[in-house]
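Notes follow once the structure below has been shown.
Residue numbering restarts at 1 for every chain, and letters A, B, ... go by the order of the sequence lines.
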Amino acid sequence: MFYRAADPATLRIVPLDALTLVYHRASGITHIVDAPVPEILDILGEGPRDVAGLLAVLSDRFDLADPDSAALAVRLDELVAAGLVERTCAI
Amino acid sequence: MRHLKLLRIGPLGFRIGSHWRGPIAALDDLYRDYPAPLDGIADFNVHLFAARPWRRVLRPSVHIAGDFVIPDAAPLPLAQGLLAAEMGMNLQVALGLRRYLLLHAAMVERGGRAVLMTGISGAGKSTLAALLMARGWRLMGDEFALIDCATGLAYAFPRLVSLKNEAIDVVAQALPQARFGPLLEGTPKGAIRHLVPDARAIAAMEQPAEPSLILFPRFGFEPAERPVLPSEAFVRLTQASTNYVTLAERGFEALTRLVQAVPSRAIDYPDAATALAMVEALA
Amino acid sequence: MLGAASAAAIVSIRPALAQTNASVMQCEIPVTDPGRAGSYIAPDGRVVPARTPGAFPAPGRNFKAQDVKRALGGGTLPGTDPQASRAYTNYIRRLQRGTSGFTCFASLQMPRG
Amino acid sequence: MNPALLLARVLRAPSSIEGLTAPDWNALWAVARGEQLAGTLAHRIAGLPMPQAARRLVEDSIASAEQGRTAALWEAEMARRALAGIDAPVVLLKGTAYAAAGLSPLTGRVIGDLDILVPRDAIEDVEAALLAAGWEWVKPDPYDDAYYRRWMHELPPLIHRDRDKMVDVHHTILPLTARIRPDAAALLADSVALENGLRILSRQDMLCHAAAHLFADGDLAGGMRNLWDIHCLLGEFGFDGLAERAAHHGLGTAMRRAVRQAVRLYGTEAPPAWQGWDMLDPLFHRRLTARDVWGRSTRKAVQLGFYLRSHALRMPPAMLARHLWTKWRKGHRPA
C-alpha cells in the first residue's frame, strides 16, 4: 500500500504560530494541521511512499522521538479521510 | 405583496415586500435617512407573508422568506413585524452574501481604524457598539462586519441596532437624543427596541476602514485580557463567518491576511463601563 | 512528533451555519420528526418502537432553541423530568441534515465567547 | 410580463437585458434564484452592458457557481476513491456529470447532491464501501428504508459525516414501481469513460435521463432549470438517434414533450418532426412558468395536481393508496 499526496500546486500552505493552514484548491476545503502533517505532505509531494519508506525519510530528516509506524499510519488515515493523500496500490 | 420598501445598508441593497402595511411603515420611518439600492436593484429580497390568506387578518402571523431560506424558522406575531423584517434581512445577508467575507461581529471606527468585536451572545455586542457610538466612535455595525477580499478593508453594515432587555434603558440614558423604534415586548429574546444609528454613521456608511484590532469579548467575568494567537483567531473567525467556505480561495486569502496583519485579544468584563475602558485602552 | 494515535492532527473547516442571534433563538426543534409520531426515545437518543422498556415517549412537541441550549448546558427541557430531558437532548444531538430541526440545532453549535 | 417568461427570454436572448427597468431586474434575479438559475443567468449576460448593481450580482453568482462546481467535482472524486476497489462501472448523473464532462452551455448550473448510477447487483458492495469511507444514512426510518429498498430506483440517501454532502446511489433512472422501465443495462453498457475512470451516460441517454427527470419522475418543481439542461444538451448533441433511443427506454412521449416545451420556452432549434403543441402542453407550460416577481411559486391548484400526478406515475393505484395512507398517518402533507 502506497500513499500519494495531492499535487503541491493544488495546495496553499500558510504556517501560523503553532499550527499550519492548508487550503486545498481541488476540494475548496481549509484544513488546520499540526506536525507532522506539513512534513508528510512535503515528503509525499516528492513521490508516493509506503509507511515504512515514509517513516525512514521522516527519521532521516527530523529527530523523531517516537518513530512508531502505528502512529504514522493513523496520521496517514487522517490525511486520506481529508482527501489530502490518496491510497494507491502501486507507485 | 402589496407593500414594498427599497433601501440600502452599507453597500447592500434590499427589497422588502409585505402583505401588511405595518412592517413597511416602521421601516419607512426608521430607515428614512438611508438611500435606495444602487441603480434601484436589490442584492437581496425579503418577503413577509401570511401562510394562509385568512391569517392576514385572523391572528396574523408573519412568515419570513427570501431568496435564501432556512427551514424551521418560526413565524412572528404581526406586532413584531419590524423584527421579522430585520431578521429576514439578516438572514439573506448571512446565507447569501458573496461579495465580502462576512464576520458576525460588531464594528466601530475612529481615525480610519476599525475595531471588530466578535462572538458575544446576548448582553454585549450591540450594547457595546451603541455605547461606543455615544462616546464618539463611528458605528459601522452591531451584527456584521464585511471584509473586502481584494483589499482587506472592512465595510460597514449599520442596520438598526437591536437592543435587548436591560440594554434598552442603559443605551437610552447614554443617547438621550437618539431615535428609537417601538418597544417590542415578548419576543423570543425578551424585550427588543431598535436604535437608529446616528447621522454620522449613516452618512459615512459607504466608507471602509482598515481593521486594526479584533476582540473576542466575554461578558460576566472578572476583567481579564489575553492575546489570541493567529491560528486560534483563524478558527474562531471561520466559525463566526457564514460564508467563509463558499468564498473558496478568496475567503482563505482574506482571513489569512486579517489574522496575520491584525492583533487579536480576548477580553473578559463584568459590566459595560469596564468593557468600554478596556476597548478604548486597547484600540 | 508523530503524536498520539488517539489525537487528531487535522481539523477541517466546515461551513458554519452561524445565524444571527435573533434567528437562532427563533427556530424550533421537533422531538421527534413529525413523520415518527408515537415513537419512543431511548436514553441514548435513538428512536425506538413505542413502549420499549427504559425509553421515553416522544413528547410530540417542539422545543425552542433557547430551551435546548439551556438543556445542552446541563438544564432540563421545559415540562420534562431530568431522565426524559437527557434522552431528548441526546436525540437532538444525533440529528442529521435532512431531519426536521437539524439546521436549528446546527446553528446552536456555533461557538460563542 | 410574467417574470418566469422574462427570465426565459433573457436566457435565450441575453442582449434583451438592454432597457430593463430596475423592477424588471429585481424580478429577474428573484425568479432566477427561485429557479436555481442565477449562475446560469450570470454566465449568459456576463460582459454585456448593464447597470453596475446588476454587474455585481453577475460576479457574485459566477463565483458562487464556481465554488459549487469545485465542491461537486470533489465529491465525485472522493466517491471514486471510495469505490476504486469495486469492480463495477460508476456513472455520474445530472449536474456532476455535466460539470465533469465540461459541457460549456451548462456553465454556472447549480449542482445539488451527487447522483451516481451503478449496476443493481453491485449496489450492496457500493453501499458497504461508502459506509466504510465516512458516509452515513440520513434517515433511520424503517418505513422509508423498506420503501426505498423495495421500490425506489436508488438507495436511501447517504450523507458524508465530515463534508455534509449527500450521495444518491441509483441502479436505474426511474422507480421500479413506475410503468415506464428504462433499460438500465443499456444505460450502463453505453456509458462513456472519463479520464479518471468515472463514467457518464451516452449523449442520447443523458438527454433521456433529463427528460425522465423533468416529466416522468418529478412534480416539475424547478422545471425551468431542468428544461434549460435539455435545451443546452440538444444544442450540444443534436437529435441523431434520439427518437429511437428514447423509444427504447419507454421515454418517447416524455422526450417529445420535453423538446416541445424547450422549443416554446427557450426557442430550441428542432427538426419539424419534433415540433407541435398538444392539448396538455399549455398546462405543462403554465406550471413551468408559475412564479411571481418575488420568485415564489404560484398556481397552488396546478401544483397539487402535479404532486398527485407525480406519485401516480411512480406507482400503481393500489400501492399509491397504501403509500399515501402510511405517509398521512405519520403527519406528512403535500406542501
Region of [X] in contact with chain C, defined by heavy-atom distances below 4.5 Å:
| X | answer |
| --- | --- |
| Ile32(A) | both |
| Leu19(A) | neither |
| Leu58(A) | side chain |

Starting from the C-alpha separation in whole Å, work towards a yes-or-no answer on salt bridge (charged side-chain N to carboxylate O under 4.0 Å, His left out) for Arg4(A) and Glu46(A). CA-CA 9 Å; Arg4(A) 178 187 7 227; Glu46(A) 298 158 11; over 6 Å; no
What closest approach, in Å, do Leu44(A) and Ala5(A) show between heavy atoms, and which atom pair accounts for it?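 Looking at all heavy atoms of both residues, the shortest contact is CB-CB, 3.5 Å.
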Closest heavy-atom contact between Pro78(C) and Phe63(C)? O-CE2, 3.8 Å
Does Asp77(A) come within less than 4.0 Å of Arg87(A), counting only side-chain N to carboxylate O?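 Salt bridge: yes.
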